[in-house]
Amino acid sequence: MQNTNTHRFKILPLFLFLAAIQIKAQNGEVLPEESDFKEPVTRVWYNTYGIIRISNRLYWDAQTHFRFVETESTPFMGQIGQIYNRHAIGYIYSKYINFSLGGVLRVNFNTDESSDDRNVVPEWRIWHQYQFAQPVYSAMIYHRIRIEHRWTQGFAENSDYIFRNRWRYMFRAKVPLNSNKLEPRTIYVSPEAEVIMQSGKEVVGSVMEDLRLTTTLGYIINPRLKVAAGLMYSHGQTLENPGIFRQNWTMRFHVYFSPDIRKIKNKLPAIHFTD
């Protein structure tokens, strides 16, 4: 009798959990019987990344992103969807380890052509990042952990801000193609994978916000400047219903610059974190 009761107590929480998610998802949305993947949407991102050395151990991380998303009237290249201003002060712990802390202002544009709601709303974030690099033969391997605390608002008039956390891990490799090391006039390929999880009171079941798989081809012009372009496939759960997944194909174009305003006598050897 005791084993039977114990077995029932173990099964009951699982049954209640499955029943709850089977009946309804978030905000009263009914879960589909099977995962529903939306049709892929094409996007184009133009990104600049600045690493500006301000002392032996400190640097300014200055990023600006212009992100376009397709609409019915503007397929493929699309309309402006977001503008990012991401900034932080970083600390160089060693040649292969650095940390940063800062804020983000993201301007969101309403690309729904049938909507009568507001056209533009701001989004605020605080972010901190921990990056670790390691050489492997002629390549470099990067592990990046980024945590974001974000306040988002819908386009409807007088809509409330909601708070969420984002938990991001990215693995990236940079492999030189026409040289034995990453140096000026080197072409490199950079595969990367990033998973983005989210949490918060509004996140009932949609914990996987995005899974990003990217391949990038880059060129190192000189130690202070390089360019890159790549293609990214991503998918993730919608906040409204965890049974429905978004899909995106994104072309990304990058410019990396790293001016050094210190005096020559104070400069340290090159640090492997300029992207």
Contacts of Arg164 that satisfy side chain to side chain donor-acceptor pair (under 3.5 Å) - sequence neighbours left out: Thr152, Gln198
Closer than 3.5 angstrom, by distance alone: can the side chain of Asn119 be matched with the main-chain N or O of Asn110 as a donor-acceptor pair? no
Does any N or O in the side chain of Arg53 come within less than 3.5 Å of the main-chain N or O of Asn56, such that one atom is a donor and the other an acceptor? yes
Please go through Val104's hydrophobic cluster and name the other residues, only I, L, V, M, F, W, Y counting, with side-chain heavy atoms under 4.5 Å joining them. Tyr84, Trp127
Those residues at least two apart in sequence (or on a different chain) that pass side chain to side chain donor-acceptor pair (under 3.5 Å) with Trp151 are none
Under the 3.5 angstrom rule, does the side chain of Ser206 hit a backbone N or O of Thr238 as a donor-acceptor pair? yes
Verify same cluster id: Phe76, Phe66 (apolar side-chain graph, 4.5 Å): yes
Suppose we screen for side chain to side chain donor-acceptor pair (under 3.5 Å). Which residues come up paired with Trp60, at least two apart in sequence or across chains? His87
Distance alone, cut at 3.5 Å: any donor-acceptor contact between the side chains of Gln247 and Tyr233? yes
Phe163 with Met197, same ILVMFWY side-chain cluster at under 4.5 Å: no
Between Thr186 (side chain) and Glu183 (backbone), is there a donor-acceptor pair under 3.5 Å? yes
Spacing of OG belonging to Ser100 relative to CZ belonging to Arg146, to within rounding of 0.5 Å: 7.5 Å
Heavy-atom side-chain contact between Met232 and Glu192 under 4.5 Å: no
Residues in side chain to side chain donor-acceptor pair (under 3.5 Å) with Tyr219, at least two apart? none
Would you check if the side chain of Thr48 reaches a backbone N or O of Gln63 as a donor-acceptor pair within less than 3.5 Å? no
Assess the residue pair Phe171 and His143 against the criterion (ring pair (Phe, Tyr, Trp, His ring centres under 6.0 Å)); give the C-alpha distance rounded to whole Å, side-chain angles, the decisive distance to 0.1 Å, and a yes or no. CA-CA 5 Å; Phe171 173 86; His143 303 273; 5.5 Å; yes
Pairing residues for Tyr46 by the ring-ring contact (aromatic ring centres under 6.0 Å, His included) criterion, not counting sequence neighbours: Phe68, Phe253
Tell me whether Tyr49 shares a hydrophobic cluster with Leu105, the cluster being built from Ile, Leu, Val, Met, Phe, Trp, Tyr side chains joined at under 4.5 Å. no
Strictly by modelled atom types, are Arg43 and Thr250 linked by a side-chain donor-acceptor pair under 3.5 Å? yes
Arg67 side chain vs Gln82 backbone, donor-acceptor pair below 3.5 Å: no
